[in-house]
2 protein chains.
Amino acid sequence: MLTIGKLGIAAGVKVPTIRYYEQIGLLPTPDRSAGNQRLYNAKAQHRLAFIRHARDLGFPLEAIRDLLSLSDTPEQYCAAADVIATEQLSAVKARIARLTALQAELERMITQCAKGTIADCRVIEVLSDHELCGEGHGARTATRCAP
Amino acid sequence: MLTIGKLGIAAGVKVPTIRYYEQIGLLPTPDRSAGNQRLYNAKAQHRLAFIRHARDLGFPLEAIRDLLSLSDTPEQYCAAADVIATEQLSAVKARIARLTALQAELERMITQCAKGTIADCRVIEVLSDHELCGEGHGARTATRCAP
DNA sequence: TCTTGAAGCTATAGGTACTAGAGACATTAG
DNA sequence: CTAATGTCTCTAGTACCTATAGCTTCAAGA
Ligand SMILES: [Zn+2]
Ligand SMILES: [Zn+2]
Ligand SMILES: [Zn+2]
Ligand SMILES: [Zn+2]
C-alpha cells in the first residue's frame with residue numbers, strides 16, 4: 001500500500017492531481033489509514049498509470065473515463081475503444097493542420113519585417129489586416145475594416 | 001457608430017466576447033447611448049479586428065495586450081513586437097512537434113488493433129503500458145508498474 | 001400610437017484540467 | 001522528543017471564453 005505521495009512519484013502525477021481525479025470520480029475513493037491518510041493498492045496504481053498515459057497522449061478526461069469503463073469489461077468488443085482513439089487521432093490531425101497554417105503565417109510576417117519602427121513593422125501591419133495574410137489560416141469572417 | 005451586435009458581426013466576434021474584452025481592459029470602455037447601450041467608433045472596430053486576428057493566429061491575450069500597446073507607439077523600434085511574434089512561432093512549433101509524435105502513436109495503436117474483444121485490444125493494451133509505445137511521446141516518468 | 005420581437009444590459013455560473021495556498025493534523029528520522 | 005516532511009480539507013485562481021437569468025431599450029409593423 002502506497003501513500004499518495006509515493007503513488008504520485010510512481011505514476012508521475014502530482015499529489016493534488018490525484019486528489020482531483022478522485023474528486024471527479026476518475027479514481028475510486030481509496031482506503032484510509034488510521035490517521036485518515038489515503039492508501040493505494042496496485043490496482044489503483046495501474047488505473048492511475050492508465051490515466052496518466054492517456055493524458056500524455058492527449059485524450060480528454062471524459063474520453064479516459066469511457067476508456068476506463070471499457071477496460072473493466074474485457075469480454076466486450078473493442079469497437080467503442082477504437083472509436084475513441086480514432087476520434088482522438090482526428091482531433092490531433094486537425095490541430096496539426098491548423099497549427100501548421102499558423103506557423104507559415106507567423107514565419108512569413110517575421111521574415112518580412114524590416115526591423116525598423118513599429119510604424120513599418122510587418123508584424124503589426126499583418127495583424128492589423130488579414131488581407132495581408134496568405135490564404136493559410138481561417139479567419140472566420142473578414143477582419144478588414146472599411147478604409 | 002455601431003452597436004455591439006453590429007460590431008460583433010463586422011469583426012467576427014461574439015457579443016459576450018466583446019464585453020469580456022472590455023472587462024479585462026483589452027478594449028476601452030466605449031461611449032454609451034442615451035439608453036445605456038455601447039456605441040463603437042471606427043477606432044474601436046480596428047482594435048477589435050486586430051485582437052481577433054491575433055487570436056486567430058493563436059496569440060494569447062496577454063501577448064495581444066502588449067502588441068496593442070506597442071502599436072500605439074508607432075515611432076518606437078519594433079524589436080519587442082518581433083520578439084512576441086517569434087515566441088509565438090516557437091510555441092506553435094513546439095506544439096506541432098508534440099502533436100506529431102502523438103499522431104504517430106495513435107496511428108500505430110489503432111492500426112495494430114485486431115478488432116476483437118477489449119481483452120485483446122491493442123488500444124487498451126498500449127494505454128495500459130507506455131513500454132509498448134514507440135519512443136515518440138514523452139511520458140514524464142515511467143507509467144509501467146511492477147509486474 | 002401601440003405592440004411585439006429582437007437586441008442590449010448586468011451579474012453570475014460553468015467548462016477544462018489542473019495548480020497554489022492556508023492552516024491543521026500525521027508520520028518519520030535523528 | 002523534536003523537527004521536518006507529508007498529508008488533510010477547503011478555497012480560489014489560471015485561460016478564454018460561453019451560457020443563463022431577469023431585466024430594459026430599441027426599431028419596425030399594424
Ligand atoms: Zn517588426
Ligand atoms: Zn490572417
Ligand atoms: Zn481495439
Ligand atoms: Zn506511451
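The basis for the numbers below is simple: all heavy atoms, side chains too, and nothing from hydrogens, waters or symmetry mates. A, B, ... follow the sequence lines: proteins, then strands. Residue 1 opens every chain.
Proximity of A:Arg38 to the phosphate of D:dT9: a side-chain N or O atom is located under 4.0 Å from OP1 or OP2. A close approach under 4.0 Å does not occur between any side-chain nitrogen or oxygen of B:Thr17 and OP1 or OP2 of D:dC16. Contact annotation: A:Arg32 reaches the phosphate of D:dT9 (side-chain N/O to OP1 or OP2, under 4.0 Å). Phosphate contact (OP1/OP2 of C:dC18, side-chain N/O of A:Lys14, threshold under 4.0 Å): absent.
When the side chains of ILVMFWY residues are joined at heavy-atom separations under 4.5 Å, either directly or via intervening members, A:Ile24 and A:Val15 end up in a single hydrophobic cluster. Following chains of ILVMFWY side-chain contacts shorter than 4.5 Å, one can reach B:Leu61 starting from B:Leu57, so the two form part of one hydrophobic cluster.
The distance between atom CD of B:Glu22 and atom P of D:dC17, rounded to the nearest whole Å, is 15 Å. Distance A:Ile18 CD1 to D:dT7 P: 9 Å, rounded to the nearest Å. Atom pair A:Leu26:CG and C:dT16:P shows a separation of 13 Å (rounding to whole Å applied). Atom pair A:Leu39:CG and D:dT7:C1' shows a separation of 11 Å (rounding to whole Å applied). If you measure from atom CD of A:Gln23 to atom C1' of D:dT9, you get 11 Å, rounded to the nearest angstrom. When the P atom of C:dC9 is taken as reference, atom CG of B:Leu7 falls 11 Å away, rounded to whole Å. Put simply, CZ on A:Arg65 is 10 Å from P on C:dA17, counting in whole angstrom units. In this structure, CG of A:Asp56 is placed 14 Å from C1' of C:dA17, rounded to the nearest angstrom.
Side-chain polar atoms of A:Glu87 and A:Ser90 form no donor-acceptor pair below 3.5 angstrom.
Between the side chain of A:Gln37 and the main chain of A:Arg32, no donor-acceptor pair closer than 3.5 Å is present. Between the A:His53 side chain and the A:Leu48 main chain, no donor and acceptor come within less than 3.5 Å of each other.
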What protein N or O atoms touch nucleotides 21-28 of chain C N or O atoms at under 3.5 angstrom, if any, and at what distances?
none

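You'll find that the side chain of B:Thr3 is closest to C:dG8, out of C:dG8, D:dC16, D:dT7. Ranking D:dC17, D:dC8, C:dT19 by closeness to the B:Tyr20 side chain, first place goes to D:dC17. Taking every side-chain heavy atom of A:Ile4 into account, D:dC8 is the closest of C:dC18, C:dT10, D:dC8. Nearest nucleotide to the B:Leu61 side chain, out of D:dT18, C:dA17, D:dC17: D:dC17.
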side-chain hydrogen bond (donor to acceptor under 3.5 Å, both in side chains) assessment of A:Thr73 paired with A:Gln76:
CA-CA 6 Å; A:Thr73 59; A:Gln76 281 199 318; 3.2 Å; yes

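Under the 4.5 Å side-chain criterion, counting only non-hydrogen atoms from C-beta, A:Cys78 is not in contact with B:Asp120.
No more than 12 heavy-atom neighbours from other residues, nucleotides or ligands sit within 6.0 angstrom of NZ on B:Lys43.
Nearest-nucleotide positions on DNA chain D for B:Glu62 and A:Arg19 put A:Arg19 closer to the 5' end.
Counting any heavy atom pair closer than 4.0 Å across all strands shown, B:Tyr21 reaches sugar-phosphate atoms only and no base atom.
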